[in-house]
Amino acid sequence: MTEETPGFEEQPDVPSEAAQTPDDAAKGAVSADNKAGPEAPAGDLEQVALQAQLDQVRTALNERTADLQRLQAEYQNYRRRVERDRVTVKEIAVASLLSELLPVLDDIGRARDHGELVGGFKSVGESVETVVAKLGLQQFGKEGEPFDPLVHEALMHSYAPDVTETTCVQILQPGYRIGERVIRPARVAVAEPQPGATPAKGGEGEAAAPDEESGGPEEG
């Protein structure tokens with residue numbers, strides 16, 4: 001039999017971690033820090049990547065917004081063009097129709113001037129004039145107004161001592177317009193100042209002045 005040495009007891013196994021000295025613990029902590037160190041830059045890279053994606057999304061959003069604004073502006077311009085063309089086509093159609101009615105209006109005007117616009121014919125004539133007026137037809141041309149080649153057509157010409165510029169002295173046929181569009185110019189007889197009438201008055205005054213000047217020395 002084996003003899004046991006009195007006074008010594010078996011010690012339990014101590015884990016290796018508990019057996020570490022303070023220096024070993026410090027080294028372990030440094031080692032743990034070194035292992036955790038690379039994880040921080042990885043988080044920064046992920047944040048940078050997210051920021052880059054956000055910038056790309058913002059850029060794409062700005063581009064789409066600019067495209068939408070451009071399309072909206074083009075659509076508004078298209079609507080304005082369509083509306084302008086619609087109004088123009090309507091004016092052309094109305095002007096074409098009223099142009100065919102101008103001879104009828106001339107007959108009504110001549111009948112009124114000769115006192116023949118009476119009875120049922122008077123009612124019909126006035127109804128026609130009311131309808132064309134509602135469509136925007138306007139009559140123009142009056143005696144005594146200055147001659148304007150843009151709206152007047154001179155069929156007769158004469159000279160008159162009582163005018164200072166080319167003037168419409170007789171309306172042979174009235175003109176008609178729709179808004180600013182002239183359908184037919186007013187056909188008129190015009191009169192101009194007599195040639196040399198105004199300078200002659202000035203010439204007489206100028207001629208009298210030398211006589212007075214020359215008469216002065218003779219009297220002296």
Side-chain angles (χ1 to χ4, degrees), residues 70-209:
R70 183 171 59 253
L71 289 175
Q72 186 176 7
E74 291 177 356
Y75 177 68
Q76 294 296 334
N77 292 334
Y78 169 76
R79 287 187 59 186
R80 283 194 289 267
R81 287 197 303 271
V82 170
E83 181 65 20
R84 185 171 58 250
D85 293 343
R86 185 184 68 81
V87 173
T88 301
V89 170
K90 180 181 178 181
E91 289 180 353
I92 292 174
V94 171
S96 177
L97 172 63
L98 294 178
S99 297
E100 300 297 328
L101 292 177
L102 294 185
V104 177
L105 297 176
D106 292 337
D107 291 339
I108 294 173
R110 282 191 290 266
R112 180 181 288 109
D113 293 339
H114 291 83
E116 299 175 356
L117 193 64
V118 295
F121 181 53
K122 178 179 180 181
S123 299
V124 173
E126 291 177 349
S127 298
V128 173
E129 292 175 338
T130 301
V131 170
V132 297
K134 288 182 179 180
L135 293 175
L137 185 67
Q138 298 176 351
Q139 179 179 317
F140 66 91
K142 295 181 179 180
E143 294 182 3
E145 63 185 8
F147 175 76
D148 184 354
L150 297 178
V151 296
H152 296 138
E153 180 181 354
L155 300 182
M156 298 176 63
H157 176 270
S158 62
Y159 295 98
D162 57 343
V163 297
T164 58
E165 60 180 343
T166 304
T167 305
C168 300
V169 295
Q170 184 180 0
I171 306 300
L172 304 177
Q173 198 174 46
Y176 290 94
R177 64 161 62 96
I178 298 179
E180 300 299 327
R181 182 191 297 271
V182 176
I183 297 180
R184 186 182 73 185
R187 292 164 181 170
V188 300
V190 299
E192 291 183 338
Q194 291 183 352
T198 302
K201 295 179 181 179
E204 292 175 358
E206 292 176 357

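None of the values given here were measured: they were computed from a predicted structure.
- Nearest approach of V94 to L135, heavy atoms of both residues: CG1-O, 3.9 Å.
- The main-chain N or O of R84 is found under 3.5 Å from a side-chain atom of T88 such that the two form a donor-acceptor pair.
- Counting all heavy atoms, side chain and backbone alike, E143 lies closest to I171 at N-CG1, 3.8 Å.
- Every residue meeting the side chain to side chain contact (heavy atoms under 4.5 Å, CB included) condition with E83, not counting sequence neighbours, appears here in chain and number order: R86, V87.
- No more than 12 heavy atoms of other residues, nucleotides or ligands shown are found within 6.0 angstrom of CD on Q72.
- Pairs passing the side-chain hydrogen bond (donor to acceptor under 3.5 Å, both in side chains) check and including a residue from residues 98-107, sequence neighbours excluded, read D106-Q173, D106-R184, D107-R110.
- The salt bridge (Lys or Arg N to Asp or Glu O under 4.0 Å) test applied to R187 returns E153, not counting sequence neighbours.
- Residue pairs meeting the ring pair (Phe, Tyr, Trp, His ring centres under 6.0 Å) criterion with at least one partner in residues 159-182, sequence neighbours excluded, are H157-Y159.
- Annotation for A111 and F121: closest pair CB-CE2, 3.6 Å, computed over non-hydrogen atoms.
- Atom CD in E91 sits 11.5 Å away from atom CG in L98 (nearest 0.5 Å).
- In this structure, the separation between CD on E126 and CD1 on I108 is 9.5 Å, given to the nearest 0.5 Å.
- Rounding to the nearest 0.5 Å gives a distance of 12.0 Å between NE2 of H152 and OG1 of T166.
- Residues A95 and R181 share a closest heavy-atom pair of CB-CD, 4.2 Å.
- Remark: D162 CG to Q194 CD distance equals 9.0 Å, nearest 0.5 Å.
- Between P193 and V163, the closest side-chain pair of non-hydrogen atoms falls below 4.5 Å.
- The heavy-atom pair separating A186 from G141 by the smallest distance is CB-CA, 4.3 Å.
- With sequence neighbours left out, R70 forms a side chain to side chain donor-acceptor pair (under 3.5 Å) with D67.
- Looking at heavy atoms from C-beta onward, L137 lies in side-chain contact with L105 at the 4.5 angstrom threshold.
- Taking all atoms of both residues into account, the shortest heavy-atom contact from V169 to A191 is CG1-CB, 3.6 Å.
- Between atom CZ of residue R81 and atom CG of residue D85 there is a gap of 8.5 Å, rounded to the nearest 0.5 Å.
- Taken to the nearest 0.5 Å, the NZ atom of K90 stands 10.5 Å off from the CD1 atom of I178.
- For D113, the side chain to side chain contact (heavy atoms under 4.5 Å, CB included) test picks out no residue, with sequence neighbours left out.
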